[in-house]
Amino acid sequence: MNSEMESPRSPSGAYDMRLPVLITAFSRYETTRQVIEAVRKVKPPRLYFTCDGPRNENERVVCDRVRSLVELVDWDCELHTLFHEQNLGCRASMVAGISWFFDQEEEGVILEDDIVPDPTFFQFAQELLEKYRNDERIWAIIGNNLSAQAPIAQPDSYWLSAHGYGAYWGWASWRRSWKNFDEKLLKWPEVQRTGSFDQYYLSEDEKREASMFFSMIHTGEMSSAWDYQFDFAKILAGAANIIPEANLCRNIGFGEGGTHTVNTSDNRNRTELHQARFPLKHPEHLEVDRERDLAYFEAFILPSPWQRIKNKVKVLLPDSWEEKLVPLLRVMRGSRNG
C-alpha cells in the first residue's frame, strides 16, 4: 500500500459533501459550540438543529444561549430548526428530533450536543451510506470505537457488530432503519417469553444486562433511553452496525451536565480522535465479528458490582434520578474508600 493510499484526505474540499446533518441539543453551550464548529469544517448542504425546551424559567436563558449558536452557520446551506417551547425530556426530545430529520431526509448523520467528529467521519459515513443504501443487513454506521488505540492502515476500514458496540456517539443511518423504531418495545414480552434472542446473546452476562434494560424500558421504569430501542429493532431485523477501525467521534460530555455520562473516570471517557484512511478497505465478507463484540462488551459495557447496584436504584427514582443519585453515590463511595 503506497503512502497516498494510507493518508486521510483533507476535509477542505477533497470530496463532495452531500450529506445532511442533524445536531440535537439542550442546555450545554460549550459542548454544542464545539460540535457545530466541527460540522462547520465540512459545510453540509443541509443542517438540522433541534433543541429541547427549558424545565423552568431560569433554564430558559441557558437554552436560548444554546439556540443562538445558529449564528455560527455562516456557509451556504439550508438551515432547519426545531426548538421546543416545553421540556420533553431526554428520550422524547431525541426521538422527536431524529423522527423530524428522517421525515425530511432518506439518510444522514446524527450528532448529539457532546459528540465531536473528526472531519473525515463525514466522508466515511457518506461513502458507506451510499454503498449500503439498499442493503438491509446494515442498520447504521457508527463513528465511535472505544477500543481503537490508533488508526491502522493494514486491516479493513471497519467491522460489523450486531450488538451496538460502540455507542451511538456520532452515527449515520437511513430512514429505512429508523422507521422500525419502537419507543416502548411492544414486542419485548413475546421475545422474552419465547427466548427468541437467546442465540443472539454473546454470554450470560450480556443476556442479563440487555434483558434488564429491555424490561425496564418496556415497563417504563427507565424513561430516558432511546438507543436501546433502536438496537432492539436492529436485533429483530437481523441487521448489524458498522464500527470503524479508528475512533472517528469523541464524546466530550463526561462530567457535570451529562445525562448518562456523569463520571469523568468512566473507562469510556476516551480522548483519542483519529482520522479515517482513504480509500476505504471494505471487508471481503459481511460477517458479524462475535469475538470482537464479546471483547468490547467485557471491556466497556459489563458493569462492575457497584454499577449493578446503581442500575437497580435507578428503577426506584424518576427521570431526574441522576441529579439525586450521583451526590449520594459519591458520599457512599467516599465513605467506603475511607
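When reading the values below, keep in mind they use all heavy atoms of this one structure, side chains included, and skip hydrogens, waters and symmetry mates. For the single chain, residues carry numbers from 1 onward in sequence order.
Put simply, the side chain of His274 does not reach to within 4.5 Å of the side chain of Asp118, judged on heavy atoms. In this structure, His282 and Leu280 have side chains that are in contact, with non-hydrogen atoms separated by less than 4.5 Å. Within the 4.5 Å cutoff, the side chain of Phe232 has heavy atoms near those of the Lys187 side chain. Considering only heavy atoms from C-beta on, Pro44 stays 4.5 Å or farther from Phe122 through its side chain. Counting heavy atoms from C-beta outward, Phe26 and Cys51 have side chains that stay 4.5 Å or more apart. Looking at Tyr228 and Leu185, their side chains never come closer than 4.5 Å, going by heavy atoms from C-beta outward. At least one side-chain heavy atom of Leu160 sits less than 4.5 Å from a side-chain heavy atom of Ile242. Using a 4.5 Å cut-off on side-chain heavy atoms (C-beta onward), Tyr132 and Trp174 make contact.
Proximity of a side-chain donor or acceptor of Ser177 to a complementary backbone N or O of Trp139 within less than 3.5 Å is detected. For Asn247 (side chain) and Leu273 (main-chain N/O), no donor-acceptor pair under 3.5 Å exists by modelled atom type. A donor-acceptor distance shorter than 3.5 angstrom exists from the side chain of Gln104 to the backbone of Trp100, with no hydrogens or angles considered. Within the 3.5 Å criterion, the main-chain N or O of Met212 finds no donor-acceptor partner in the side chain of Ser215.
Nearest approach of Cys63 to Gly53, heavy atoms of both residues: SG-C, 4.4 Å.
Ring geometry for Trp188 against Phe197 counts as tilted: the plane angle lies between 30° and 60°, on a 0 to 90° scale. Ring planes of His80 and Tyr48: parallel class, angle under 30° (limits at 30 and 60°).
A salt bridge between Lys207 and Asp198 is present, with a side-chain N of the basic residue lying under 4.0 Å from a carboxylate O of the acidic one.
Evaluated for a side chain to side chain donor-acceptor pair (under 3.5 Å) with Glu107, the options Arg133, Arg175, Arg18 yield exactly one hit, Arg133. Screening Tyr201, Tyr200, Phe297 for a ring-ring contact (aromatic ring centres under 6.0 Å, His included) involving His163 leaves a single residue, Tyr200. The only member of Val42, Leu19, Ile141 that meets side chain to side chain contact (heavy atoms under 4.5 Å, CB included) when paired with Gln126 is Leu19.
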**OP:** Quick one: do Glu112 and Arg250 satisfy salt bridge (charged side-chain N to carboxylate O under 4.0 Å, His left out)? Show the steps, please.
**Re:** CA-CA 11 Å; Glu112 295 183 54; Arg250 180 188 169 203; over 6 Å; no
Original post:
Does the pair Arg60 and Glu85 meet the rule for a salt bridge (charged side-chain N to carboxylate O under 4.0 Å, His left out), with working shown?
Top reply: CA-CA 9 Å; Arg60 186 174 299 278; Glu85 288 303 313; 3.7 Å; yes
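Remark: the Asp52 side chain and the Asn87 side chain contain an N/O donor-acceptor pair separated by less than 3.5 Å. The closest side-chain donor-acceptor pair between Asn144 and Tyr168, if any, does not fall under 3.5 angstrom. A donor-acceptor pair shorter than 3.5 Å can be found between the side chains of Ser161 and Asp293. Inspection of the Gln86 and His84 side chains reveals no N or O donor paired with an N or O acceptor under 3.5 Å. Asp205 and Ser203 share no donor-acceptor pair across their side chains, judged by distance under 3.5 Å alone.
By the neighbour-count criterion of 12 heavy atoms within 6.0 Å, atom CG of Asp135 is densely surrounded, having more than that number from other residues, nucleotides or ligands. Counting non-hydrogen atoms of other residues, nucleotides and ligands closer than 6.0 Å to CD of Glu37 gives a total above 12.
Atom CG of Leu22 is separated from atom CG of Leu111 by 8.0 Å, given to the nearest 0.5 angstrom.
For Phe230 and Trp178, the ring centers are positioned less than 6.0 Å apart. The aromatic ring centres of Phe83 and Phe49 sit less than 6.0 Å apart.
With hydrophobic clusters built from ILVMFWY side chains whose heavy atoms lie under 4.5 angstrom apart, Leu82 shares a cluster with Val39.
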